[in-house]
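This structure is a prediction, so every number in the text was calculated from the model and none was measured. One-based numbering, in listed order, for ligands and for the atoms of each.
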Amino acid sequence: MSAPLRLFNSLTRQLETFEPVHEGEARVYSCGPTVYNYPHIGNMRAYVFADVLGRTLSWKGYRLTHVINITDVGHLTDDADAGEDKLERAAAERAQSIWDIAQHYTEAYWADVKALNIRQPAHWSIATDYVPAMIEFARGIADRHCCELDGGLYFDVSAVPDYGRLARAHTDEGEGRIEAVAGKRNAADFAIWRKTPPGETRQMEWDSPWGRGAPGWHLECSVMSGQLLGFPFDIHTGGIDHREIHHPNEIAQNQAHCCSAGQGHAGLDVPGNSGARVWMHNNFLVERSGKMSKSAGEFLRLQLLIDRGYHPLAYRLMCLQAHYRSELEFSWDGLGAALTRLKRLVMAVAALAARADAPAEPEQGWNEAAAVEPASKALRPFLERFDAAVADDLNTAIALTVLEELLATKAIPPQDRLRAVAAMDAVLGLGLGTIGRADLRLRPKDAVLNEADVEEALERRKAARAAKDFATSDAIRDELAGKGVEVMDGDPLGWEWKL
Ligand code: AMP
Ligand code: ZN
C-alpha cells in the first residue's frame, strides 16, 4: 500500500527506488558546516533538507543512522584546493584561539539546528577528532593513488576511473577552478595532507608521514563517513556546490580506499566504490542583494530573522514549500507569507485539539499512521496522498497541501484527524503539536513597546469601549498601530506585531 521511496541520485542523474544496503536500515551522511563564522540561512537549508530526508526514511520505517560532521580544520577559502584555511584565517584576523572560534560557531550552528526543529543526528563528528584515522586512510591510498609534492600529499585523480563523473553528469566541464601547484600530475589533483610551509606557524597541526601539517577537507568527509557508517552506506547529502569539487574528490578517495582495501577495481560502475550508493544535493537559497554572503557585513543569519520578529519555523516552512532541488529565492515578503501560513496551520491544529477528546500521540511513521484502526476509512486517502508525495523525491510542497486539506475536511472525526496530522508533522517537523499561536508572536528587536505596554494599552481600550467612548478606543488603536502593534478585534490572540 505504501508508495516506494524514490530519490534523485546525482551520480546517475535519475530517480531511483531506495534500496537500503542493510535491510531495514538507512545510513546517511551530511556534509556539515565549516565553523569559522555563523551559518547563513542558505547553509541551514541544506540541513532542513537532510532532516526531511531523515524524517521521511523514519516515516518509511527504516532505522535511521544520520551523521553530520563539523568541519573545524582543512576547508580552504577556495573549494578547489586554493587559498588559506578558513579557520586559521578567522583566528589570525581576530587574534583569537582557533579552538575558541570553532567552539563558538559550532554552538551557534547547533542553536540554529534546534530552532529549526532539525532532529539530532546519531553522531556529530568533529573533524579534528579524526586526524589519526585520516592519516591511516591516507597511508592506505598513498602508494597507488597519491604523489608527494613540496606542499604535502596530493591525490592523483588519474589513478581512479571516471574522476569527476558526479560533476560531469550535470555540466560539460566538470572541473572546478584549479590552483597551479608545481608537480601536480593533473590540474584537478588535490591535497589530502597539507604540510605547514617552512617558516609559517599554524594553530592546528599534526605530525604525519608527509610532514607536520593538516588534513585536506575532502579527506575528512571520506574518513568520518566510512568510519561511522561503513562503506558502502546509503545516502550522502550536501549543497549543490559540493557536486562540483568536494564530492567528486570524496568519491575519488573512496574509490582508491575501496580498491586499496582489496575490493577489486575502483570503477564507479560498482556503486559501492563511491562510498555511498546515492548522492543527493539541495539547490541554493538565493537572495538578490547579496545578503547571503558572509564576507560583506550583515548577512542573513537565522537570528536576524528572529530579531525582526519572524519565528524560525516560518523559515523551515518556506524551505518546505519549495522542492529541495529547485533554487529558492529569499524575500522578506515570502518569509512573511510562510509565517502567515504557519499561523493558520497552528490555529487549525489547536482548534482540532480542542475538539478531540485526547491529545494526539506523535506517530512513528506510515505503518503506525495507517494502522489507526478503527480510523474512519476516509482518513486513508489523505495518508496515502501524503505518503505518495514525500515518497516522490521528498515533495514536501504537495505534502503540505494534503495536510491542509486534512485539517479543513469535516468528514473525519477530530480525534482521527489529529492523529494523522501528528504523523504527518513527524515528517514535516513544523512543531504543530507543540507550538501555539502565541509562540509565533515574536517581538521584533526594534519594537518600541514591550508586551506589558501593549497589554496595558489594551486594558485602557477595553475600559473605553465598555464606557462606549469609541473616540478614545480608536485613538488607542491608532497609537498602537503607530508603534508597530496591530489590534485584532475578534481574534482570541488580541494583537500582533506588525512585521
Ligand atoms: P559550508 O559551511 O560552507 O561548508 O556549507 C554548509 C552547507 O551549506 C553545505 O552543504 C553547502 O553546500 C550548503 N550551502 C552553502 N550555501 C548555500 C545556499 N545559498 N543555499 C543552500 N545551501 C547552501
Ligand atoms: Zn563533506
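- Judged by distance alone, the side chain of R168 and the main-chain N or O of Y163 form a donor-acceptor pair under 3.5 Å.
- The closest approach between any non-hydrogen atom of H40 and ligand 1 is below 4.0 Å.
- At the shortest separation from atom 20 (N) of ligand 1 among protein heavy atoms lies L285 N, 2.9 Å.
- A donor-acceptor pair under 3.5 Å is formed between the side chain of E88 and the backbone N or O of M204.
- Counting the atoms of ligand 1 from 1 in the order shown, those under 4.0 Å from a heavy atom of P33 are 2 (O).
- Ligand 1 has at least one atom lying under 4.0 Å from a heavy atom of H75.
- Taking distance alone, with nitrogen or oxygen atoms compared against 3.5 Å, F284 stays at or beyond that limit from ligand 1.
- The distance from ligand 1 to the heavy atoms of Y47 drops below 4.0 Å at these ligand atoms: 6 (C), 7 (C).
- Considering only non-hydrogen protein atoms, atom 9 (C) of ligand 1 sits nearest to H242 NE2, 3.4 Å.
- The distance criterion of under 3.5 Å between nitrogen or oxygen atoms is met by T34 with respect to ligand 1.
- Between the side chains of S289 and E287, a donor-acceptor pair is found at a separation under 3.5 Å.
- Counting only heavy atoms of the protein, atom 8 (O) of ligand 1 lies nearest to N43 ND2, 3.1 Å.
- Checking S30, C31, G42 against atom 22 (N) of ligand 1, the nearest heavy atom belongs to G42.
- A donor-acceptor contact closer than 3.5 angstrom is absent between the side chains of H170 and R13.
- When only modelled atom types and interatomic distance are considered, R119 and S58 share a side-chain donor-acceptor pair under 3.5 Å.
- Note: an N/O pair closer than 3.5 Å links G239 and ligand 1 by distance alone.
- The shortest N or O to N or O distance between D241 and ligand 1 is under 3.5 Å.
- For ligand 1, the atoms lying closer than 4.0 Å to a non-hydrogen atom of N282 are 21 (C), 22 (N).
- Distances shorter than 4.0 angstrom occur between a heavy atom of N283 and an atom of ligand 1.
- The only member of V427, V113, I118 that meets side-chain contact (heavy atoms from CB on, under 4.5 Å) when paired with D51 is I118.
- Atoms SG of C221 and SG of C31, as seen from the Zn ion (ligand 2), are separated by an angle of 130°, to the nearest 10°.
- The residue V286 has no part lying near ligand 1, judged by heavy-atom distances below 4.0 Å.
- Side-chain atoms of H22 never come within 3.5 Å of backbone atoms of E25 as a donor-acceptor pair (strictly under, hydrogens ignored).
- With 3.5 Å as the limit, one finds no donor-acceptor pair spanning the side chains of Q253 and H257.
- For the pair R301 (side chain) and H40 (backbone), a donor-acceptor distance under 3.5 Å is absent.
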